[in-house]
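Each chain gets a letter, A, B and so on, in the order its sequence line appears, and its residues count up from 1.
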Amino acid sequence: MKFSSSYEPDQFEADIYAAWEAAGVFKPSVPTVPVDNDSDGIDDRFENNFRHYSIVMPPPNANGNLHIGHGLTVALEDSLTRYYRLKGASTWYVPGADHAGFETWVVYERELEKSGHTRFEYSRDELYTRVWDFVEMQRGNMELQLRALGASCSWGDLTFTLDENVVDRVYTTFEKMWNDGLIYRGEKLVNFCPKHQTAFADIEVEHKDEKGTLWDIAYDDVIVSTTRPETLFGDAAVAVNPEDSRYKDLIGKTVHLPLTDREIPVIADEHADPEYGTGAVKITPAHDFDDFEVGNRHDLPRLQVISEDGHMINVPEKYEGMTTEECRKQVLKDLKEQDLLKGEKKIVHSVAHCYKCGTVLEPMLKEQWFIDVEKLAKVAIEHLENNEIKFYPENKQKVLINYLGNLKDWNISRQIPWGIAIPMFRKVTKEATDEPDWIFDRRVNLQSIEKSGVTYVRDEDTFDTWFSSSHWPIVCTDWSEENPTPYYPLNVMETGADILFAWVARMIMMGLYVTGEVPFREVYLHGLVLDEHGQKMSKSKGNVINPMELVAKYGSDAFRLGILRGRSAGMNQAFSENSVVSGRNLCNKLWNISRLVQSIVDEDEDVSGEYQTNNQGEDWICREINNCLKEVEKDMKTYRFSEAVETLYSTIWDEYADWFLESQKIFRNVPLLKITLEHLLIALHPFAPFVTEAIWQNLSWTDGFIITKEWPSKLVYDPITAEQFENIRTIVSEVRTTLQALGGSNNSKKYGLLFDNDSIVEDNLLLIKSYTKVPEINYLNGAPRGLRLALANHELYLDVPENVVNDYRDTLTEKILSVGRELDALNLRMSNPNYVEKAPEYLVKETRDQIKEKEALIDRLKTQLELI
RNA sequence: GGGCUUUUAGCUCAGUUGGCUAGAGCGCAGCAUUCACAUUGCUGAGGUCACAGGUUCAAGCCCUGUAAAGCCCACCA
């Protein structure tokens with residue numbers, strides 16, 4: 001006997017994981033590149049879908065630790081992987097690590113600052129090397145944590161987002177897009193973080209409502225309203241609404257720009273809202289997104305008055321070099337002195353912030369690389385509307401289509417050194433007028449290149465990480481034009497619902513652009529893991545749960561079972577340690593179940609051979625296990641993880657342990673015990689990989705690894721006999737309930753049972769005795785006495801003395817009343833002719849049968865009451 | 001301003017094409033104790049399914065509206 005009395009996860013987990021890895025069981029069993037594919041008459045596509053199962057991990061930050069969301073991701077993805085592996089598919093779960101461009105850069109820059117240095121002391125290339133080393137030092141942590149969570153991923157295929165093949169693929173796509181005219185260099189307003197000195201894509205910007213002030217400033221006869229007086233030096237016009245009668249006469253004239261000697265035109269534009277402020281608005285094309293558009297419509301000059309580091313430039317000397325904040329104060333003061341400040345109002349408006357440091361973002365005129373997304377989005381929408389990708393939850397499909405329909409061009413330039421260098425070189429030889437201003441070249445290790453006597457220097461920017469990660473399904477599966485792997489498209493993309501737009505949308509666009517196919521067949525989006533009160537976890541609130549601590553405390557399986565509990569696609573749901581405790585309990589229960597089965601097997605060592613069923617309980621458990629397997633299969637197909645776990649939980653605990661195993665203490669059926677336990681272990685394995693493998697390795701008769709076994713086939717049993725077991729369960733339950741209802745303590749020790757002619761009871765005396773724990777069951781000699789079990793309707797009596805029976809009168813009366821109420825409801829339904837006519841026949845028949853049953857039950861209960 | 005989601009037991013959630021007496025885990029109350037497991041077993045209490053209408057023989061589920069909570073998108077100077 002190798003089983004200790006409780007399951008101790010830390011005694012097994014590390015060894016088991018190491019053994020799996022050593023045995024190579026995580027690798028796909030069918031090669032990932034196509035082998036010579038002889039025609040065997042089977043449709044390749046069908047065969048591919050049938051035999052391969054591929055899933056890639058959303059790459060965790062190589063530099064960080066896993067958080068609770070990663071814990072959920074791994075629990076979901078690994079359960080799928082293990083399930084399909086058991087189902088016989090060649091599964092390929094590709095792990096990844098993210099260089100996390102901006103995130104990591106922020107961390108690194110903080111380290112630099114701590115050591116008293118700044119980014120300006122180093123060249124871009126030096127910084128890149130330094131960050132690389134910094135990340136390299138940390139990288140192992142994340143991988144160890146994935147192992148502790150039990151991720152059965154193919155480690156040899158781990159993809160880092162800066163791997164050579166990733167960079168190659170990204171450059172190939174970029175070159176193709178450049179040649180296709182989908183990439184352009186544009187001077188546009190971009191959201192710029194003055195602290196981090198980089199631009200962002202629209203999607204990375206965090207808008208927050210903030211209190212601000214709306215000032216009214218007199219520009220001659222026109223009073224404009226603005227929240228940013230300091231930008232007035234960049235004004236190119238004043239706009240009024242063409243329908244606004246107040247200003248009609250002014251359109252086309254000029255007004256004097258305060259604090260300067262400039263005159264600017266008054267223009268008519270829809271942008272000006274007559275209802276807002278004074279109805280006249282100053283137009284600053286270089287520092288406001290709306291104004292930029294207005295400027296384009298009216299061909300206005302873009303005057304930049306704020307530098308990238310947030311200081312005033314190109315302004316009257318007095319203001320030159322001030323920060324925007326200082327300048328605002330000074331401008332307001334000067335305006336007031338000249339009596340040009342006509343009013344102020346407190347307002348709440350939405351302000352763009354850096355999602356990392358919270359700094360207010362400055363709209364900044366910059367030359368950047370943009371992707372013209374219109375065509376890409378259009379193709380993506382077509383495929384989505386064609387239902388080529390199935391979404392869980394379903395509604396995200398529409399949400400995504402809607403998003404893609406309104407997408408603006410995508411800024412892919414970032415001014416940070418940590419990332420994939422943009423492979424573009426700018427012409428610096430001025431005389432070469434015939435040559436293009438920019439050329440594509442992969443030699444980004446060079447700062448400058450020569451081409452037919454012309455010198456070009458490399459753009460120092462790097463790619464937005466979403467640009468490279470939009471290739472994730474392609475690069476992880478090593479797809480290529482020459483060798484399109486059967487593992488692409490992925491069977492499923494599992495990731496967070498919060499990055500539907502940032503990542504999923506872009507993977508779809510890029511997958512279609514590069515391969516012509518959608519990158520995955522299904523998408524499962526998980527929601528946020530909230531704390532137990534439904535609050536978002538955050539460091540500042542101090543409610544962050546570290547998954548690795550829970551793994552250490554309760555075991556990896558317990559964590560996985562716990563985090564899957566009560567969770568459904570796309571929903572932000574609460575999580576508490578309780579659910580992990582319940583998972584831990586299940587593991588221990590299964591361990592002890594196995595311990596008991598093993599002990600029976602040990603005692604009856606010589607029994608072997610095929611299983612067969614010999615009594616009601618045995619047929620019944622076969623039926624229940626079959627149902628459970630069917631349910632789990634259905635749940636896995638529809639990504640209902642929580643339900644799958646719940647089904648297994650109750651089958652293992654409430655049915656196998658509480659009913660079947662108890663019966664097996666009397667009837668021992670070793671072959672059946674073995675096969676049923678194996679079935680349950682295999683079925684639970686996707687969710688609780690370690691404890692099931694630990695048990696598998698400890699059982700005397702099993703061999704190999706459970707991880708590579710076959711998903712159980714259905715058990716053979718007799719359905720009629722199985723159903724008879726329900727009788728026994730009803731009898732036992734009624735005995736228990738009645739004993740409890742009698743009040744007092746130790747009832748099950750005090751009273752025995754009496755039975756009369758009743759084959760079910762007679763055949764199962766020992767079993768009933770064992771379940772109910774009554775001291776004895778005797779044949780009833782003479783007239784019935786005690787309490788007859790009226791619900792179960794069997795010739796079985798609780799042998800209790802008359803005074804105790806009397807105490808039971810109230811319970812009985814109450815029972816008669818409640819059954820009577822149910823009967824009334826049924827009769828009412830039948831008295832409705834529409835019901836009898838329109839409801840399906842089987843329902844009407846069912847109602848009739850139930851009425852009969854209830855009537856009979858009331859009769860029995862009444863008879864009994866009279867007897868008392 | 002547009003869109004999405006949620007509202008079911010004390011808490012966290014199921015309830016898949018409408019079908020009768022709405023489920024689970026945790027928590028709570030009572031009973032049990034040399035039994036594989038106290039990380040246990042047995043029993044029980046607890047719900048006008050947010051609200052108001054409507055469709056239907058039948059509504060937690062479908063439709064309309066209201067309220068509350070949360071999220072996303074958008075240029076409000």
**Study point:** Proximity to the side chain of A:E643 - top-ranked nucleotide from B:A36, B:A14, B:C13
**Key:** B:A14
Practice item. Could you give the distance separating B:A69 and B:U64 at their P atoms, to the nearest angstrom? Key: 23 Å
**Study point:** Nearest-Å distance for atom pair NZ/P, residues A:K665 and B:C35
**Key:** 10 Å
Exercise for review: Using the P atom on both, measure B:U12 against B:A50 and round to a whole Å.
Suggested key: 15 Å
Practice item. For B:C37, take OP1 and OP2 only and decide whether either is under 4.0 Å from a side-chain N or O of A:R595. Key: yes
Point to revise | Distance in angstrom units between A:R668 CZ and B:A36 C1', rounded | key: 12 Å
Review point. Which part of the nucleic acid, if any, lies within reach of A:A272 when heavy atoms closer than 4.0 Å are counted: base, sugar-phosphate only, or nothing?
Key: base
Review point. Which nucleotide in the set B:U43, B:A36, B:C26 lies at the smallest distance from any side-chain heavy atom of A:S582?
Key: B:C26
Check your understanding: At under 4.0 Å between heavy atoms, what does A:R584 touch on the DNA or RNA strands: base, sugar-phosphate, or nothing?
Key -> base
**Study point:** A:S594 side-chain N/O to B:A36 phosphate OP1/OP2 under 4.0 Å
**Key:** no
Check your understanding: Between atom CG in A:N395 and atom C1' in B:G70, what is the gap in whole Å?
Key -> 15 Å
**Study point:** Distance-only donor-acceptor check, side chains A:K208 and A:S350, under 3.5 Å
**Key:** no
Practice item. Return the orientation label for the A:F12 and A:W591 ring planes: parallel under 30°, perpendicular over 60°, tilted otherwise. Key: tilted
Review point. At under 4.0 Å between heavy atoms, what does A:G527 touch on the DNA or RNA strands: base, sugar-phosphate, or nothing?
Key: nothing
Check your understanding: Expressed in angstrom and rounded to an integer, what is the separation of A:D635 atom CG from B:G15 atom C1'?
Key -> 13 Å
Point to revise | Short side-chain N/O contact from A:N834 to OP1 or OP2 of B:A58, under 4.0 Å | key: no
**Study point:** Sole residue of A:R302, A:K282, A:R228 in salt bridge (charged side-chain N to carboxylate O under 4.0 Å, His left out) with A:D235
**Key:** A:K282
Practice item. Would you classify A:T847 as touching base, sugar-phosphate or nothing, given that sugar-phosphate means primed atoms plus P, OP1 and OP2, and contacts are heavy atoms under 4.0 Å? Key: base
Review point. Which residue, A:S642 or A:K398, contacts RNA chain B at a nucleotide closer to its 5' end, judged by nearest heavy atom?
Key: A:K398
Practice item. Remember a base hit wins even if backbone is also touched, and classify A:P840 as base, sugar-phosphate or nothing at under 4.0 Å, heavy atoms. Key: base
Practice item. Indicate whether OP1 or OP2 belonging to B:C76 is found under 4.0 Å from a side-chain N or O atom of A:Y276. Key: no
**Study point:** Note: A:R729-A:E655 ion pair, threshold 4.0 Å (strictly below)
**Key:** no
**Study point:** Complementary nucleotide for B:C51 - Watson-Crick or wobble, under 3.5 Å
**Key:** B:G65
Practice item. In whole angstrom, give the distance that lies between atom CG of A:D273 and atom P of B:A77. Key: 11 Å
Practice item. Let me know the distance between CD1 of A:I600 and P of B:A36, rounded to the nearest Å. Key: 9 Å
Practice item. May I ask you to evaluate whether A:Q573 reaches the phosphate of B:A14, defined as a side-chain N or O under 4.0 Å from OP1 or OP2? Key: yes
Revision key, fill the gap. The Watson-Crick or G-U wobble partner of B:C4, with both key distances under 3.5 Å, is B:G70
Practice item. Please state whether the base of B:A74 and the side chain of A:K408 form at least one donor-acceptor pair under 3.5 Å? Key: no
Practice item. Please check the phosphate of B:G15 (OP1 and OP2 only) for any side-chain N or O of A:R640 closer than 4.0 Å. Key: yes
Practice item. Apply side chain to side chain donor-acceptor pair (under 3.5 Å) to A:S700 and A:Q598, showing your working. Key: CA-CA 7 Å; A:S700 61; A:Q598 181 66 62; 2.9 Å; yes
Point to revise | Same-atom distance (C1') from B:A36 to B:U48, integer angstrom | key: 46 Å
Practice item. Identify which nucleotide among B:C72, B:C35, B:U40 has an atom closest to any side-chain atom of A:F501, counting heavy atoms from C-beta outward. Key: B:C72
Exercise for review: Could you tell me whether A:D498 contacts a base, only the sugar-phosphate backbone, or nothing, with contacts defined as non-hydrogen atoms closer than 4.0 Å?
Suggested key: nothing
Review point. With a non-hydrogen cut-off below 4.0 angstrom, is A:A657 in contact with a base, only sugar-phosphate, or nothing?
Key: base
Point to revise | Test log, rule side chain to side chain contact (heavy atoms under 4.5 Å, CB included), inputs A:V645 and A:L586 | key: CA-CA 11 Å; A:V645 167; A:L586 178 65; 5.6 Å; no
Practice item. By nearest nucleotide on RNA chain B, pick out whichever of A:K634 and A:S5 is the more 5' one. Key: A:K634
Exercise for review: Considering just the side-chain nitrogens and oxygens of A:H349, establish if one lies under 4.0 Å of OP1 or OP2 belonging to B:A77.
Suggested key: yes
Practice item. Pick base, sugar-phosphate or nothing for A:N578, based on heavy-atom distances below 4.0 Å to the nucleic acid. Key: sugar-phosphate
Exercise for review: Specify whether A:F660 and A:Y656 have parallel, tilted or perpendicular ring planes, treating 30° as the upper limit for parallel and 60° as the lower limit for perpendicular.
Suggested key: tilted
Review point. What integer number of Å spans the C1' atoms of B:C28 and B:G10?
Key: 8 Å
Review point. For A:K815, does the NZ atom have more than 12 heavy-atom neighbours from other residues, nucleotides or ligands under 6.0 Å away?
Key: no
Point to revise | Residues A:K408 and A:D202 bridged, charged N to O under 4.0 Å | key: no
Point to revise | Between B:G53 and B:A59 - C1' atom distance, rounded Å | key: 13 Å
**Study point:** Pairwise P distance, B:U8 and B:G60 [rounded to whole Å]
**Key:** 15 Å
Review point. Does any nucleotide pair with B:A14 by Watson-Crick or G-U wobble geometry, both distances under 3.5 Å, and what is it?
Key: none
Check your understanding: Does any donor-acceptor pair link the side chain of A:E662 with the base of B:A36 at a separation under 3.5 Å?
Key -> yes
Practice item. In whole angstrom, give the distance that lies between atom CG of A:L742 and atom C1' of B:C42. Key: 14 Å
Point to revise | Sugar-phosphate, base or nothing in reach of A:S576, heavy atoms under 4.0 Å | key: nothing
Check your understanding: Which one, B:U43, B:U6, B:G19, comes nearest to the side chain of A:Q740?
Key -> B:U43
Exercise for review: Report which part of the nucleic acid A:H207 touches: base, sugar-phosphate, or nothing (heavy-atom distance under 4.0 Å, all strands).
Suggested key: nothing
Revision key, fill the gap. Re B:G60: Watson-Crick or G-U wobble partner, both distances kept under 3.5 Å, found to be none
Check your understanding: Between B:C42, B:A77, B:A36, which nucleotide has the shortest distance from any of its atoms to the side chain of A:L596?
Key -> B:A36
Check your understanding: Nearest of B:G15, B:G19, B:U39 to any side-chain atom of A:E8?
Key -> B:U39
Practice item. Please determine, for the side chain of A:W653, which listed nucleotide (B:G19, B:C75, B:G41) has the closest atom? Key: B:G41
Check your understanding: Among B:A14, B:C42, B:G41, which is the nearest nucleotide to the side chain of A:K589?
Key -> B:G41
Exercise for review: Measure from the side chain of A:N592, starting at C-beta and using heavy atoms only, and say which of B:C37, B:A14, B:C57 lies closest.
Suggested key: B:C37
Check your understanding: Of the nucleotides B:A74, B:A77, B:G30, which has the atom closest to the A:D288 side chain?
Key -> B:A77
Revision key, fill the gap. Using Watson-Crick geometry (N1-N3 plus N6-O4 or O6-N4) or G-U wobble (N1-O2, O6-N3), each under 3.5 Å, B:G41 is paired with B:C31
Point to revise | Nearest-Å distance once atom C1' is located in both B:U6 and B:C51 | key: 15 Å
Review point. Between A:E814 and A:R821, is there a side-chain N and carboxylate O pair less than 4.0 Å apart?
Key: yes
Point to revise | B:U55 and B:C11, which share atom name P, separated by this distance in whole Å | key: 34 Å
